[in-house]
There are 2 protein chains.
Amino acid sequence: MGARTMANLARFPGRVFPVNAQYEEVAGHRCHPSLDALPEVPDVAIVALALDRVEDAVAACAARGVGAVVIYAAGYAEMGTEAGCAAQARLAAIGRDARMRIVGPNTAGLADLARGIVLAFPEFPEPPAGAARIGLVAQSGALGLALAQAAQRGVALTHVLTCGNSADVDVGDWLAALAESGDCGAVALTWEGASRERLLAAGRIARDRGVAVAACRLGLSAIGAEQALFHTGSVVIGEADFRALCAEAGFVPVTRIEALIETACFLAKAPRVARARGIGIASGSGGTAILAADAAARHGLDVPAPSPATVEALRTALPPFAAPRNPCDATAQVTANPQILRGVVDALLADPSIGALVCPWGKAYRSENIAYLDEAARRSGKPVCLVWMSQWLEGPGTAEAEAAPNLALFRSLDSCAAALAAWFVQEMPRDCADQ
Amino acid sequence: MGARTMANLARFPGRVFPVNAQYEEVAGHRCHPSLDALPEVPDVAIVALALDRVEDAVAACAARGVGAVVIYAAGYAEMGTEAGCAAQARLAAIGRDARMRIVGPNTAGLADLARGIVLAFPEFPEPPAGAARIGLVAQSGALGLALAQAAQRGVALTHVLTCGNSADVDVGDWLAALAESGDCGAVALTWEGASRERLLAAGRIARDRGVAVAACRLGLSAIGAEQALFHTGSVVIGEADFRALCAEAGFVPVTRIEALIETACFLAKAPRVARARGIGIASGSGGTAILAADAAARHGLDVPAPSPATVEALRTALPPFAAPRNPCDATAQVTANPQILRGVVDALLADPSIGALVCPWGKAYRSENIAYLDEAARRSGKPVCLVWMSQWLEGPGTAEAEAAPNLALFRSLDSCAAALAAWFVQEMPRDCADQ
């Protein structure tokens, strides 16, 4: 883990001091036999040691005046043993007494990917340059790494912050830090145990800064909670408590973990305020239009009948054998003639009762269609959601849609409908709601 | 559409006769001016004509004694107009009187991909050689094509059969044909309107032949049903009616369309009978183990405590700081030491109260792990579900898992849990249940 951490530090913009009495040099850096031998007091120490050597090292860091430590080792409260809990409490006490912050133990570390500051052992994928700047906060390092792989399909993650057992720093602290950083449009947040007060405080900061939060709480079932208790010594809350917490904190609740990143991307791209609470549905096939209507109904979304002016505009845009309705099946003719799609999209977005547009699509999108939808979303101030119905999950067009600054990409109509339902009802800070 | 159909017919193993008075030759075939000029009566005629010329052509096919016609043109019952419904009824009457079967109108056609018989205009992806032979029946051509793109990520589809407005042949007929073909281990079925009697009859054939069916009915909401009514003139049924129909027909109901192909693949790979109704959960991280337990609880799955013998076997397999429980978090050590995963998998699969194993995993699987899980599933006669938690949706390992004959791949814990819940309770034909 030490070697993998050093590899991650190759891009680190500050000074790096390996400490190990056995080596003269590590990864091109002069190696020091002890903390006391360092030429300066480090801001952060990464403790990549086996369990039995951790406590002494943490005490040495505290004595030297180190600002914070990151502790990888497992074998603490997540064991569910008295000894494990006591050892973790001792680490926390050392940190508290020295005013030294602790990340972990049992953590994968943290990464500010945009700045190349990776204080972690996993190899994170390089984030693409993209429009939706998403921060990821995950208590579980393995889960954080799994979600961070979204970079491989075009999601622009700014940070991956994990905290493991959260002896000190927890996901609420990380969320507050990201909200204050100004780096993220939205944060994807997942955890199994954290301070309620710190989560609520972080939620307030996020709302004040206009940073949206998509939240997925692990361990909502009895057996899941029991597992969570073993894993990180966390307290138990149920589904209803989770939803109440989200409502109070201003988080958008996400039940299925696979929807977390997509929901955060949607929130980062959507305007802060909904202009109306109905949705428009524009598709290139009857089947996908029906599915979109079904998903809308499952999530309580209104699919309003178009206004007379919208009907007129749809009639102008559509081929003669298509009906000017909402949902609007623009028929397979959209493939041959992109003007049809554009006319339908413009007509529905101009309708005063429509606050967001859902476009389920079965095949790879042409670049010009993606660009048009993105621009239509920007112009209208209404979110446009492209729902990828193709089972070629990373097929042509997906990375382009991901990179479009105003266009949200979902791979599930239900995930899209759930995100829209939460977005429509979210409470906005006064200065946003007044816009 | 004619030209694209001819391109699809390049691989057709039988004789192809283009009919068009304007050309001498089409796509290397001699072109005939009329049906009557053909040297023989064709089994099937594909009517790739504009709406106003369809009826005469269909009548000519009937007069010539053609066995069946495929009609692409739209503008019939899906318009929701009296004229459209009447025109469709006239086509149906022509077919009925001549004992000539009609596929469509408003259909994308049909494809037997394994044999290269593609009587359709869309370009279907080449199916990979794979273990789970899945037939796809979709009333909507666009949706069928979207789902068929699963071939791009390694799903071995045998057929894509669509029927559009179903003036004659409907999805029930297609399901019966696939069940009788012996080509498929399972069928993915999606529709908005079909004869209940034919669906039930097809369900009986499928059960008798041991072909499992994953079913997703479009138009279960009021607005979706209204859209379906417009689209194909279909009748309305609700969610409860759909579930009752599935129970009677022996279909596994699927709510979210994105789970349809994965569920069908699971059914094609799973043994016909569950040996026990509990599930085991083996993961490489605490976070994913908790999420799996939560999803199991949401779908009413039992996650039994391991037997004393299983606890002993787990203890032997696991590193000292991991607990011998179910769910079993084998810790990040599984990455370094594949023997740990193997020991845990074997221990859980040997437990008499465990009928299926769920392995949520956050990173690319090593080939040897995939091969081991596949072999463990075969040996135990219990399904092993690999749940891909990585947001790199088509990352390394996914196509390999898809191709493994006994290993089911899901990208959602909930889709996996829903499929297992349906699989545990499905009624088996007597000869299977007696095994």
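By convention in this document, chain letters (A, B, ...) are assigned in the order of the sequence lines, proteins followed by strands, and residues within each chain are numbered from 1.
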Find the one option among [options] whose heavy-atom pairs under 4.5 Å with chain B are most numerous.
options	result
A:Arg256, A:Gln149, A:Met389	A:Arg256
A:Ala74, A:Ser412, A:Ala297, A:Ser283	A:Ser412
A:Val303, A:Leu143, A:Leu291, A:Thr331	A:Leu291

Of all the heavy-atom pairs spanning [X] and [Y], show the shortest one and how long it is.
X	Y	value
B:Val160	B:Gly144	CG1-O, 4.2 Å
B:Ala138	B:Val171	C-CG1, 4.4 Å
A:Val54	A:Ala73	CG2-CB, 3.7 Å

What part of [X] is in contact with chain B, defined as an atom under 4.5 angstrom from a non-hydrogen atom: side chain, backbone, both or neither?
X	value
A:Ile261	side chain
A:Asn326	backbone
A:Thr190	neither
A:Arg411	both

Checklist line | Contacting region of B:Pro125 [heavy-atom separation from chain A under 4.5 Å] | finding: neither
Margin query: Tell me every residue that passes salt bridge (Lys or Arg N to Asp or Glu O under 4.0 Å) with B:Asp294, counting only those two or more places apart in sequence or in another chain.
Written below: none
Notebook entry, point to check: Can you list every pair that meets salt bridge (charged side-chain N to carboxylate O under 4.0 Å, His left out) and has a residue in residues 142-157 of chain A, with sequence neighbours left out?
Noted result: A:Arg153-A:Glu402
Checklist line | Whether B:Tyr72 side chain and B:Phe121 backbone form a donor-acceptor pair below 3.5 Å | finding: yes
Notebook entry, point to check: Who among B:Ala322, B:Ala108, B:Pro327 has the most heavy-atom pairs with chain A under 4.5 Å?
Noted result: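 Result: the option with the highest number of such pairs is B:Pro327.
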Checklist line | Charged N-O contact under 4.0 Å between B:Glu192 and B:Arg217 | finding: no
